[in-house]
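Note sheet for the following structure.
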Amino acid sequence: MPTPPRFFTSRTEIAGILVAELARQFGTPTFVYDAAVILERIGDLAAFDQVRYAQKACSNLAILDLVRRHGVLVDAVSAAEIRRAIAAGYSAQGDPPPIVYTADVFDAESLELCVEQDIHVNCGSADMIDQLGSRAPGREITLRINPGFGHGHSRKTNTGGRRSKHGIWRQQIAECVERAERCRLEITGAHMHIGSGTDLEHLSRVCGAMEKAAAKLGPGLKSISAGGGLPVVYRPGEDYVDLDAYYALWNATRKRLEEKFGHAVRLEIEPGRYLVAESGYLVTEIRAIKRQADNTFYLVDAGFNNLARPVLYGAYHPMSIVPEDGDMRRPEQEVIVGGPLCESGDIFTQKKGGFVTTRLLPEAKVGELLVIECAGAYGSVMGSNYNSKPLAAEVLIQDGQVHLIRRRQTFEDLVRGEIIPGQSTRTEHQDQ
Ligand code: LLP
């Protein structure tokens with residue numbers, strides 16, 4: 001289990017590279033990822049038979065390629081996530097399946113792709129069984145089961161229980177077995193993911209629920225998946241899940257199933273956040289400093305179009321200033337950190353419910369850099385073009401080498417595909 005990091009409110013480097021140099025080369029806002037952190041996190045989970053990356057956390061092709069080269073398989077929730085995995089070098093088929101499509105619905109495109117490319121499907125609804133069965137009988141499938149409870153760092157990331165749309169309701173398992181038989185699909189695995197950013201107590205309860213579900217599914221079961229949900233440390237006082245204890249619980253569950261079924265059962269884990277959150281930094285520039293009554297605002301050039309977690313969940317991210325003069329011991333003050341968007345929720349220092357709060361950060365001046373940390377998971381991928389802001393650039397640092405892995409969007413990227421009736425747009429001309 002890793003030791004919780006110490007957080008500092010001033011920094012000059014990321015992965016040994018000067019932040020000022022990164023900003024000069026790539027501009028701001030830019031996401032910077034430290035590959036070494038991702039590899040360390042993969043290593044932490046080595047006890048599990050298979051780590052399967054929930055790429056929704058950060059699906060840049062370079063990140064997928066990195067984890068693939070280190071033995072990690074991948075989960076996909078859309079047609080384009082399947083295509084990303086293939087583009088990053090994953091084969092469509094294999095044992096265990098390199099790519100698993102886990103979702104509660106098929107849209108037309110994802111069904112087509114799963115059928116065409118023989119992608120393994122982890123069904124989150126009974127209707128998916130019928131839809132796949134009518135197109136591709138004879139396949140193996142797994143079931144994502146809602147164990148009847150869930151837990152997450154926010155109500156919005158709880159994916160279990162009776163009011164959750166996710167997974168097959170535990171009392172519907174028998175019906176799903178019948179449906180699968182009817183359309184000649186073979187159920188070979190069970191999967192549970194109860195939420196994101198949860199804790200050991202809730203995660204552990206999943207083992208018992210899995211054992212009950214597995215008993216209903218029978219000896220055809222070749223694999224079980226513990227899902228994702230592992231938390232990371234975003235602020236002082238938080239801790240990681242005791243991974244040894246967590247593995248021990250799951251391993252015991254697996255062993256009991258192996259005994260019951262008389263054959264091996266593969267144990268998978270499916271983290272998103274745990275692998276990438278701490279590797280990522282959002283480098284921004286302070287563009288304005290406002291003092292109003294007793295409040296000081298640092299307004300930076302990134303907004304919730306770049307990092308939506310604070311506005312969506314009241315999520316806390318560590319922050320640091322990059323002092324131009326190298327003075328790491330400047331006096332600190334309570335500040336509100338916000339972005340450029342024309343919306344009052346565009347504040348990085350807010351609590352659940354949208355309540356604006358402050359952060360103790362060093363004194364700074366306009367033009368200095370501010371780094372929002374622990375931003376690798378659900379950062380860039382949840383970016384939007386709100387206020388016609390381009391998606392940020394992304395940079396990967398590995399072995400001291402700096403790689404641009406996504407260039408910043410341009411205006412042409414933004415308006416590509418838009419059409420004024422009766423006119424051909426500038427970008428259409430350019431595209432031809
Ligand atoms: N497996 C499935 C089927 C999932 O739906 C998810 C996350 C994961 C694995 C990975 O969960 P993780 O290990 O990252 O907790 N946007 C939110 C998180 C949404 C998670 C969605 N599903 C956030 O920023 O906190």
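FYI, the numbering just counts along the sequence from 1. Just so it is clear, the model here is predicted, and its values are computed rather than measured. First listed ligand is number 1; within each ligand, the first listed atom is number 1.
Side chain of T349 to backbone of T357: a donor-acceptor contact under 3.5 angstrom is found. In terms of modelled atom types and a separation under 3.5 Å, the side chain of D34 and the main chain of S279 share no donor-acceptor contact.
The cationic atom of R359 (NZ for Lys, CZ for Arg) lies less than 6.0 Å from the six-membered ring centre of Y316 and within 45° of the ring axis.
Less than 4.0 angstrom separates some heavy atom of G228 from each of these atoms of ligand 1: 9 (C), 13 (O). Below 4.0 Å from some heavy atom of H153 lie the following atoms of ligand 1, by number and element: 23 (C), 25 (O). Remark: ligand 1 atoms within the under-4.0 Å shell around heavy atoms of R144 are 3 (C). Every atom of ligand 1 with a heavy atom of G272 under 4.0 Å away is listed here by number and element: 10 (C), 12 (P), 13 (O), 14 (O). Close approach to P271 involves these atoms of ligand 1, each under 4.0 Å from a residue heavy atom: 13 (O). Close contacts between ligand 1 and A54 involve ligand atoms 8 (C), 9 (C), 10 (C) [criterion: under 4.0 Å to a heavy atom]. For ligand 1, the atoms sitting less than 4.0 Å from at least one non-hydrogen atom of R273 are 12 (P), 13 (O), 14 (O), 18 (C), 23 (C), 25 (O), numbered in the order shown with element in parentheses.
Protein heavy atom nearest atom 6 (C) of ligand 1, with residue, atom name and distance: H193 NE2, 3.2 Å.
A salt bridge links R139 with D118; the closest basic N to acidic carboxylate O contact falls under 4.0 Å. Under a 4.0 Å N-O distance rule, the pair D130/R182 does not qualify as a salt bridge. Classification of R144 and E270 as a salt-bridged pair fails, no side-chain N sitting under 4.0 Å from a carboxylate O.
Of the options Y378, Y53, Y313, the smallest heavy-atom separation from atom 14 (O) of ligand 1 is shown by Y378. Of the options M382, E270, R309, the smallest heavy-atom separation from atom 24 (O) of ligand 1 is shown by R309.
For the pair D413 and R416, the tightest heavy-atom approach, listed with the atom from each and the gap, is OD1-NH1, 3.1 Å.
T157 counts as a contact of ligand 1, since one of its heavy atoms falls under 4.0 Å from the ligand. Ligand 1 lies nowhere less than 4.0 angstrom from a heavy atom belonging to K156. Within the structure, ligand 1 lacks A377 among the residues with a heavy atom less than 4.0 angstrom away. For the ligand labelled ligand 1, residue G229 lies inside the 4.0 Å heavy-atom shell.
Ligand 1 has an N or O atom lying under 3.5 Å from an N or O atom of S196, backbone or side chain. Considering backbone and side-chain atoms together, K56 places an N or O closer than 3.5 Å to an N or O of ligand 1. Between A57 and ligand 1, no pair of N/O atoms sits closer than 3.5 Å.
A donor and an acceptor atom, one from each side chain of E368 and Y298, are nowhere located under 3.5 Å apart.
Across T9, I286, V19, V335, a single residue satisfies side-chain contact (heavy atoms from CB on, under 4.5 Å) together with I321, and that is I286. In summary, of the residues considered (L299, N295, I336), a side-chain contact (heavy atoms from CB on, under 4.5 Å) with K290 occurs for L299 alone.
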field: Test side chain to side chain contact (heavy atoms under 4.5 Å, CB included) applied to L185 and V121, step by step
entry: CA-CA 11 Å; L185 292 175; V121 178; over 6 Å; no

